[in-house]
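Before we start, here is the structure in question, set down as structure tokens.
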Amino acid sequence: MAAKKLRRARLSEELCERLSRYQITTCQDFLCLSFLELMKVTGQSYYDVQKLLCKVSRACAPKMQTAYEMKLRKSVNPALAFLSTTLHSLDKVLHGGVPCGSLTEITSPPGCGKTQFCIMVSVLATLPVSMGGLDGAVIYIDTESAFSAERLIEIAGSRFPTYFDSDEKLFCMTRNIHLYRELTCGTVLKRIMSLEEEIISKKVKLIIIDSVASVVRKEFDTKLQGNLAERSNFLARGASVLKYLAEEFSIPTFDAPMDRAGSCLYWCSLSPAAASTRWCLFITREGAE
Amino acid sequence: MQRAVGGLPLAPALRARLVAAGFQTAQELLETGPCGLSKEIGISKEEALEALQVVRQECHGDATRTAGGSGATRKCTALELLEEEQAQGFIITFCSALDNILGGGVQLTKITEICGAPGVGKTQLCMQLAVDVQIPECFGGVAGEAVFIDTEGSFMVDRVVEIATACVQHCQLIAEAHQEEDNLKALETFSVESILSHIYYFRCRDYIELLAQVYLLPDFLSEHSKVRLVVVDGIAFPFRHDFEDLSLRTRLLNGLAQQLIIIANDHKSAVVLTNQMTTRIGQSQSTLVPALGESWGHAATVRLIFHWDNSQRLATLYKSPSQKESTIPYHITSHGFRDVQPPAVTQNAEDTEMNPRKRPRREEEK
């Protein structure tokens, strides 16, 4: 939206010509200037500049919807509003399961079962809607090389023996899970940015990132000076793209940072990403909460 | 009033020409007339007429801006202001302790900022306020509508439905207890559907959409004149990442703050912003402070900080021009934002409602 060219905002040709001489070509450039600067570059009076601002803003501003319209849209297809985790108590606490259309974060000390949970949820997403799945493909971004295809088949086979009764069905399911191994922050971010087309072409219904903290911890040493800001930058940017994808395509996305047991400072410093997730599951060794 | 030509809101090129031709005050321009002006400056008669109309508007002080301007004269005496403030309503939060420390609730025509760590209840309070602003006047509300600008995507319709249902039930209980004519009439139009249809929701994905939306807000509010609450949930989120130029960020934020103050005053609505917390790393320890820096701290009139103390949520009134600093505990229940239930339940003798969690409402208010 920000990169929208001014020409498409229905400004006149000569005005666009004039503005491009000052290197103002997108709506972003236009809206970041103050009133006086705008008067100078457009050469128009105060009131005309106000009208221009309204015009450009209308090109960028989001559409209005009332809460009632949102509710009606959701109730059109209630079955696809949640992905049930098949853990009944967890589903009850989450009021139905993992919500589609938002970002969910799973965090726990190492060894509690996050990756296992992610693998199980991938199986669930490929199941047909009648069995509580999403009938779609899964994108699994693996940063720790912890994904095991053998384990995937084991889970599928023992959990749903009646459905996965033939090898054919199992292979069909595994074909629907697209695994990407990304080992650095930069590649993870690039992968997230490029997901939009993949989601449409492969009919993806679930995105999992396992785990976001491992790449961040490897590359950003918080003791060094500028690293905290850069790290928050990376996390916030990734989170906002993921949220956009989740809302746009109405799919659940998971990301799973690791956590050293009992370190609250870690939680605070990860707060930009945590602040942007709507749901946060904290798993401990004693049980899932 | 002798207005200098250099200060008139004309196009800069035209202004420069007028000054070069020797015009010094607006009065001189008006005396010259459009034909004389066009001959002297070398512009067409139409342009000259346009310029003179602008000058005339400015001088007469009735600037008919499209942006809903009642901003001609902003002066009044303190007595008038006092009467206005006393007649003004508050938007209650359903947590009586919080309403008390705020002096009655969230004030109209002021900017209130809510800061807190993630998960502490900022968005819950915003959703509660978006419902509470619609409470009819006979129940002690301001009977307004709400604009909800969401930058983080944390608005959940199902949760608003829950909060709205609880609010409607609460009003129904009051109406049943007091059996007054206008209470029952008001209840006919106060339902969950009507509450939801009067929350206008905008999802802004980055700071440009937010800026654009705030530019368009005055027009929107002129069309929907019953709006009494503007919530921006997550003013910090779009500005915290991807901003290399911090001075641009400060300038944009200050511009936003100014526009919001104008909106709050012109349309008599409350503006509520939520902010994130950031870690300030000091000499020996680090503290949590509101994000966006010190200069942003001046933007809001009232600042609330929500934080945890073990497992109890606390709200601290950090900055207010009229109330003193204090901290109160609060709860988030399935009905919404509420008080912490006191240990002795049999406290409210005059309480006619059956639900002890709800704030007792006194009908002789307002």
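Just the heavy atoms: all of them, side chains too, but no hydrogens, waters or symmetry mates, feed the values below.
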Under 4.5 Å from any heavy atom of chain B, what part of A/Thr42 do you find: side chain, backbone, both or neither?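 No part of A/Thr42 comes within 4.5 Å of chain B.
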Using a cut-off of under 4.5 Å for heavy-atom pairs, which of B/Leu8, B/Leu216, B/Thr151 has the most such pairs with chain A?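 Among B/Leu8, B/Leu216, B/Thr151, the one with the most close pairs to chain A is B/Leu216.
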Please state whether the side chain, the backbone, both or neither of A/Leu53 comes within less than 4.5 Å of a heavy atom of chain B.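 Just its side chain gets close to chain B.
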Honestly, the part of B/Leu10 sitting under 4.5 Å from a heavy atom of chain A is backbone
Which portion of B/Val161 sits near chain A, non-hydrogen atoms under 4.5 angstrom: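 The side chain, not the backbone.
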In Å, rounded to the nearest 0.5 Å, how long is the span from CD of A/Gln50 to OH of B/Tyr215?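 Atom-to-atom, A/Gln50:CD and B/Tyr215:OH are 10.0 Å apart.
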So what's closer than 4.5 Å to chain A heavy atoms on B/Arg203: side chain, backbone, both or neither?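 Contact with chain A: backbone and side chain both.
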Within the structure provided, determine whether A/Pro62 and B/Gln213 are in side-chain contact (heavy-atom separation under 4.5 Å). yes
So, for A/Cys32 and B/Leu248, which heavy atoms are closest and what is the spacing to 0.1 Å?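 Answer, listing the atom of A/Cys32 first, then B/Leu248: O-CD1, 4.0 Å.
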Options B/Asp158, B/Val54, B/Val160, B/Val214, ranked by heavy-atom pairs under 4.5 Å with chain A, top entry: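 Looking at each of B/Asp158, B/Val54, B/Val160, B/Val214 in turn, B/Asp158 comes out on top.
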Is it true that atom CD of B/Gln258 has more than 12 heavy atoms of other residues, nucleotides or ligands lying nearer than 6.0 Å?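 Counting neighbours around CD of B/Gln258, 12 or fewer heavy atoms of other residues, nucleotides or ligands fall under 6.0 Å, so no.
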With chain A as the partner chain, list the residues of residues 120-129 of chain B whose heavy atoms fall under 4.5 Å from it, by residue number, and write 'none' if nothing qualifies.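 Expected list: none.
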Heavy atoms only: give me the nearest B/Pro9-A/Ser45 pair and the separation to one decimal.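 Answer, listing the atom of B/Pro9 first, then A/Ser45: O-CB, 3.3 Å.
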By number, which residues in residues 63-71 of chain A have some heavy atom less than 4.5 Å away from chain B?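 Within residues 63-71 of chain A, the residues that come under 4.5 Å of chain B (heavy atoms only) are A/Lys63, A/Met64, A/Gln65, A/Thr66, A/Ala67, A/Tyr68, A/Met70, A/Lys71.
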So, for A/Cys60 and B/Ala212, which heavy atoms are closest and what is the spacing to 0.1 Å?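 Where A/Cys60 meets B/Ala212 most closely, the heavy atoms are CB-CB, 3.8 Å.
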Restricting to non-hydrogen atoms, name the atom on A/Cys54 and the atom on B/Asp219 that form the minimum distance, rounded to 0.1 Å.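 Smallest interatomic distance, heavy atoms only, reads SG-OD2, 3.7 Å.
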Closest heavy-atom contact between B/Leu252 and A/Leu31?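 So the two residues come closest at CD2-O, 4.4 Å.
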Could you report the tightest heavy-atom contact between A/Met39 and B/Pro12, atom names first, then the distance? O-CG, 3.4 Å
Tell me, side chain or backbone of B/Phe148 under 4.5 Å from chain A's heavy atoms, or both, or neither? neither
Does any non-hydrogen side-chain atom of A/Lys243 lie less than 4.5 Å from one of B/Glu152? yes
